Amino acid sequence: MTRPCRLSKQDRHSRILDETKSCVFVRISDLADRLGVSTETVRRDLDELSESGLIDRAYGGATAPLPRGAKAGGRVADGGGVDEAAAIGAAAAQRVKPGQTVMLSGGGIVLHTARELARLSVNLIVVTNSAAIAAVVAKNPTIQVILLPGVYNPAEGCVGGEDTVEYLKQFHADVAVVEASALTREGPYEETSVAATVKRAMLQRAAKKVLVAAGVAQWCKPVRKVCTLGAVDEVVVYERLAKPIAAAARRAGTAVSNASSFHTPSRSRTAAGGA
């Protein structure tokens with residue numbers, strides 16, 4: 001009987017890179033099964049690929065590397081401009097500590113926050129109304145995910161409504177990370193009353209309230225108000241707030257953080273756990 005050929009290291013590395021491109025997160029155990037090697041062999045492969053900058057090591061596995069703009073606030077290597085959302089999301093993730101309960105709203109920036117938490121954090125409870133965010137953080141086996149009930153909006157990939165808000169009342173979160181579709185000196189706004197109500201409820205149920213917003217949000221037409229600037233503890237943006245909004249934040253006592261100078265810290269072995 002012919003024995004199957006073992007893959008060379010080069011072939012394994014190629015397969016691993018293909019897997020990280022097609023999946024948000026790949027587990028060591030799954031890679032070992034697919035490649036027909038031990039988990040220790042996979043760990044060595046991942047360490048080598050990580051040292052070369054081709055992947056990012058994460059708890060129990062790996063992900064494709066974040067764009068350079070997300071790590072150092074620089075410009076994407078291909079000249080495609082600043083990866084603003086990824087940088088803001090990664091900066092916001094640093095506000096969450098191991099073992100905490102965190103609420104995450106829907107939104108592209110918060111999705112980057114979720115991806116960073118799945119890579120680096122342990123023993124979290126994540127409460128979210130976004131199916132995409134729930135799927136991302138659930139890839140980390142140490143994170144417990146609570147997907148809120150409610151009426152599903154396929155355009156946003158989120159749930160909302162009375163059931164969502166009522167269910168949120170069961171929780172007291174350490175941190176809430178909420179994204180603003182529009183941002184004015186009066187506060188964050190949303191396109192619909194349903195989204196505004198859910199985000200307002202998340203902020204009300206959290207000890208630390210973090211608002212994230214892309215630069216374009218400062219020029220979007222406000223529709224449904226979420227809260228005042230004074231109702232959030234910190235606003236994380238990429239570079240600077242427009243002067244009227246920055247002045248309003250100062251008057252409200254709300255901190256403003258600049259993600260363009262943010263650097264992702266090295267992961268400790270404690271965070272890596274069994275990786």
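All of these numbers come straight from a predicted model, not from anything done at the bench.
- Of the possible donor and acceptor atoms, one in the side chain of R95 sits under 3.5 Å from a partner among the backbone N and O of A91.
- A donor-acceptor contact shorter than 3.5 Å is absent between the side chain of T41 and the backbone of V37.
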(message) V127 vs F171, test: side chain to side chain contact (heavy atoms under 4.5 Å, CB included). Steps then yes/no.
(response) CA-CA 9 Å; V127 181; F171 303 97; 4.2 Å; yes

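- In terms of heavy atoms, M103 sits closest to A173 at CG-CB, 3.8 Å.
- Taken together through direct or relayed side-chain contacts under 4.5 Å among Ile, Leu, Val, Met, Phe, Trp and Tyr, I109 and V137 form part of one hydrophobic cluster.
- For the atom pair CG of N129 and CG of L148, the computed distance is 6.0 Å after rounding to the nearest 0.5 Å.
- With a 4.5 Å cut-off on side-chain heavy atoms, Q170 and R205 do not count as touching.
- Put simply, CG on L211 and CG on L229 are 7.5 Å apart, with the number rounded to the nearest 0.5 Å.
- In this structure, CD1 on I28 lies 12.0 Å from CG on D33, to the nearest 0.5 angstrom.
- When every heavy atom of G160 is checked against every heavy atom of V198, the shortest pair comes out as CA-CG2, 3.9 Å.
- A heavy-atom distance below 4.5 Å is found between the side chains of L117 and L104.
- A donor-acceptor pair is defined here as one N or O able to donate and one able to accept, closer than 3.5 Å; no such pair exists between the side chain of T128 and the backbone of L147.
- Within the 4.5 Å cutoff, the side chain of R224 has no heavy atoms near those of the E191 side chain.
- Hydrophobic clustering, with ILVMFWY side chains joined whenever heavy atoms are under 4.5 angstrom apart, groups V126 together with L111.
- Residues satisfying the side chain to side chain donor-acceptor pair (under 3.5 Å) criterion with E190, sequence neighbours excluded, are S181, K199.
- Note on V232 and L168: same hydrophobic cluster, where clusters join Ile, Leu, Val, Met, Phe, Trp and Tyr whose side-chain heavy atoms are under 4.5 Å apart, directly or indirectly.
- Residues A201 and V165 come closest through the heavy atom pair CB-CG1, 4.1 Å.
- Side chain to side chain, E234 and S257 meet the donor-acceptor criterion of an N or O pair below 3.5 Å.
- Between the side chains of D47 and S50, no donor-acceptor pair is found at a separation under 3.5 Å.
- Within the model, atoms CD of E179 and OG of S105 stand 6.0 Å from one another, a figure rounded to the nearest 0.5 Å.
- Counting only heavy atoms from C-beta outward, the side chains of E48 and K9 approach each other to under 4.5 Å.
- Taking each heavy atom of A92 and T113 in turn, the nearest pair found is CB-OG1, 3.7 Å.
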(request) List the steps, then state whether side chain to side chain contact (heavy atoms under 4.5 Å, CB included) holds for D45 with H13. (result) CA-CA 7 Å; D45 288 339; H13 285 191; 3.2 Å; yes

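- Two residues are said to be in side-chain contact when any heavy atoms from C-beta on lie closer than 4.5 Å; V175 and Q100 meet this criterion.
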(message) Using side chain to side chain contact (heavy atoms under 4.5 Å, CB included), reason through V194 and N153 one step at a time and then give a plain yes or no.
(response) CA-CA 10 Å; V194 172; N153 182 337; over 6 Å; no

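- Using a distance-only test at 3.5 Å, with no hydrogens or angles considered, a donor-acceptor pair links the side chain of S260 to the main chain of Y238.
- Between K208 and D233 there is no salt bridge, since no side-chain N of the basic residue sits under 4.0 Å from a carboxylate O of the acidic one.
- For the atom pair CG (L124) and NZ (K97), the distance works out to 13.0 Å, reported to the nearest 0.5 Å.
- Listed for the S130 side chain is no donor-acceptor partner under 3.5 Å among the backbone atoms of G106.
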(request) Begin with the C-alpha distance, continue with both residues' side-chain angles, and end with the deciding distance and a verdict on side chain to side chain contact (heavy atoms under 4.5 Å, CB included) for I16 and D18. (result) CA-CA 5 Å; I16 291 170; D18 287 342; over 6 Å; no

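- Using a 4.5 Å heavy-atom cutoff, the side chains of S52 and L49 are not in contact.
- The backbone N or O of A118 sits less than 3.5 Å from a side-chain atom of N140, completing a donor-acceptor pair.
- The minimum heavy-atom distance linking N258 with E239 is given by the pair ND2-O, 3.0 Å.
- Although no hydrogens or angles enter the test, the distance criterion places no donor-acceptor pair under 3.5 Å between the side chain of Q218 and the main chain of L183.
- Considering every non-hydrogen atom in both I146 and Y167, the closest pair reads CG2-CE2, 4.1 Å.
- The main-chain N or O of K225 is found under 3.5 Å from a side-chain atom of R200 such that the two form a donor-acceptor pair.
- Put simply, the side chain of V226 reaches to within 4.5 Å of the side chain of L203, judged on heavy atoms.
- Residues V256 and I245 share a single hydrophobic cluster, defined by chaining ILVMFWY side chains whose heavy atoms lie under 4.5 Å apart.
- If you take CG on L46 and CG on L31, they are separated by 6.0 Å, rounding to the nearest 0.5 Å.
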(message) Run the side chain to side chain donor-acceptor pair (under 3.5 Å) test on D11 and S14 for me, step by step, so that the C-alpha distance in whole Å, both residues' side-chain angles and the decisive distance to 0.1 Å come before the verdict.
(response) CA-CA 5 Å; D11 288 338; S14 179; over 6 Å; no

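- The shortest distance between side-chain heavy atoms of V212 and V178 does not fall below 4.5 Å.
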